[in-house]
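For clarity, every value in this text was computed on a predicted model and none was experimentally measured.
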Amino acid sequence: MIGSDIAKRYAKAFFDIAAEEQNYEGYYNELRAFASLVEENRDLREFLANPVFDQSEKKAVIEQILARVRMSAMTANFLRLLVDKKRIGIIGEITESYRQLMDSKLRRVRVAVKTAFPMDGDIAANLKQRIAEMTGKEVEMTIEEDRSLIGGVVVRVGDTLYDGSIKTQLNNIRKLLGEEI
């Protein structure tokens, strides 16, 4: 919990800089790319999160990475600040917090759809349009196939879950029958 509060503060500070320059998505893409690099490389992730290693060693590694990737000076300086303040280990949380701030500002909602069978393009477009009407926001939707659902769909809009899967309905009937016996 403490880590996420700190991550939110750093994300908010960086977001405020992005607001001044009206470059929300550009900075987010750079943060996400760096966070993905750290997440995908276990040795790098453990090195950056380990307090045993000296800050100068971490800073040298970050400098080597920054020399090889294209990144704005603002984002590069932000990453250097995270190393100096011993917060580079929570770059993933900071990136996620930044994304939430950005989505709120740009009136976006991320929607995850799970379906038992492939979803037709027209059905997906209709669902996306209905969610946009319901939320009043621009919808970014990902669709995942999950055969264990048997049928129906499960839709997650932000923190709200709409579960219309046959699997859940069968489990609910099973519970009801179990209580009746």
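In this pair, Phe14 and Phe78 present their aromatic rings parallel. The plane angle is below 30°, not in the 30 to 60° band.
Of all heavy-atom pairs between Asp120 and Asp122, the closest is OD1-N, 2.6 Å. For the pair Ile166 and Gly152, the tightest heavy-atom approach, listed with the atom from each and the gap, is CG1-N, 4.5 Å. Considering all non-hydrogen atoms of both residues, Leu48 and Lys58 come closest at O-NZ, 3.0 Å. For the pair Gly164 and Gln169, the tightest heavy-atom approach, listed with the atom from each and the gap, is O-NE2, 3.9 Å. The two atoms that bring Lys8 and Ser97 nearest to each other are CG-OG, 3.6 Å, heavy atoms only. When all heavy atoms of Thr95 and Leu31 are compared, the closest pair comes out as OG1-O, 3.7 Å.
Checking side-chain atoms of Glu93 against main-chain N and O of Ile90 turns up no donor-acceptor pair under 3.5 Å. The main-chain N or O of Val83 is found under 3.5 Å from a side-chain atom of Gln55 such that the two form a donor-acceptor pair. A donor-acceptor pair is defined here as one N or O able to donate and one able to accept, closer than 3.5 Å; no such pair exists between the side chain of Thr75 and the backbone of Met71.
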Exercise for review: May I have the step-by-step check of salt bridge (Lys or Arg N to Asp or Glu O under 4.0 Å) for Arg147 and Glu145, ending in yes or no?
Suggested key: CA-CA 6 Å; Arg147 297 220 181 256; Glu145 215 175 296; 3.2 Å; yes
Point to revise | Stepwise side chain to side chain contact (heavy atoms under 4.5 Å, CB included) test for Leu149 and Thr115 | key: CA-CA 7 Å; Leu149 296 177; Thr115 179; 5.5 Å; no
Exercise for review: Could you give me the CA-CA distance, side-chain angles and deciding distance for Tyr24 and Tyr98, then say whether side chain to side chain contact (heavy atoms under 4.5 Å, CB included) is met?
Suggested key: CA-CA 9 Å; Tyr24 303 109; Tyr98 183 96; 4.2 Å; yes
Review point. Would Thr142 and Val113 satisfy side chain to side chain contact (heavy atoms under 4.5 Å, CB included), going step by step from the backbone distance to the final call?
Key: CA-CA 6 Å; Thr142 58; Val113 177; over 6 Å; no
Exercise for review: Begin with the C-alpha distance, continue with both residues' side-chain angles, and end with the deciding distance and a verdict on side chain to side chain contact (heavy atoms under 4.5 Å, CB included) for Lys85 and Tyr10.
Suggested key: CA-CA 11 Å; Lys85 298 294 183 178; Tyr10 278 94; 3.3 Å; yes
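To the nearest 0.5 angstrom, Ser36 atom OG is 10.5 Å from Ile91 atom CD1. To the nearest 0.5 Å, the span separating CD1 on Ile131 from CD on Glu133 amounts to 10.5 Å. The line from CZ of Arg174 to CG of Asn171 is 5.0 Å long, rounded to the nearest 0.5 Å. The distance from the CG atom of Leu101 to the CD atom of Glu96 is 10.0 Å, given to the nearest 0.5 Å. The structure places CG of Asn126 at 10.0 Å from CE of Met119, a figure rounded to the nearest 0.5 Å. Rounding to the nearest 0.5 Å places CZ of Arg45 at 8.0 Å from CG of Asn41.
Residues Arg156 and Val111 have side chains not in contact (no heavy-atom distance under 4.5 Å, counting atoms from C-beta outward). Side-chain contact check for Leu79 versus Phe34: some heavy-atom pair is nearer than 4.5 Å. Side-chain atoms of Asn23 and Met74, non-hydrogen and from C-beta on, never get closer than 4.5 Å to each other. In this structure the side chain of Val157 reaches within 4.5 angstrom of the side chain of Val109, judged on heavy atoms. Contact check for Lys167 versus Ser148: side-chain heavy atoms found under the 4.5 Å cut-off.
With Glu138 as the partner, the salt bridge (Lys or Arg N to Asp or Glu O under 4.0 Å) test is satisfied by one option alone out of Arg107, Lys105, Arg108: Arg108.
Salt-bridge annotation for Arg99 and Asp103: present, with a side-chain N of the basic residue lying under 4.0 Å from a carboxylate O of the acidic one. Note on Lys12 versus Asp16: salt bridge recorded, some NZ/NE/NH1/NH2 to OD/OE distance being below 4.0 Å. We find that Glu30 and Arg70 are not joined by a salt bridge, their nearest charged nitrogen and carboxylate oxygen being 4.0 Å or further apart.
Val69 and Ile88 fall within a single hydrophobic cluster, where Ile, Leu, Val, Met, Phe, Trp and Tyr side chains are chained together by heavy-atom contacts under 4.5 Å. In this structure, Val154 is not a member of the same hydrophobic cluster as Ile123, with clusters built from ILVMFWY side-chain heavy atoms closer than 4.5 Å. Phe53 is connected to Leu37 through a chain of hydrophobic side-chain contacts under 4.5 Å among Ile, Leu, Val, Met, Phe, Trp and Tyr, so both are in one cluster. Hydrophobic cluster membership is shared by Ile17 and Ile6, with clusters built from Ile, Leu, Val, Met, Phe, Trp and Tyr side chains linked at under 4.5 angstrom. Hydrophobic clustering (side-chain heavy atoms under 4.5 Å, transitive across Ile, Leu, Val, Met, Phe, Trp, Tyr) groups Ile94 together with Leu66.
Between the side chains of Tyr27 and Glu21, at least one donor N or O lies within less than 3.5 Å of an accepting N or O.
Atom NZ of Lys137 is surrounded by more than 12 heavy atoms from other residues, nucleotides or ligands within 6.0 Å.
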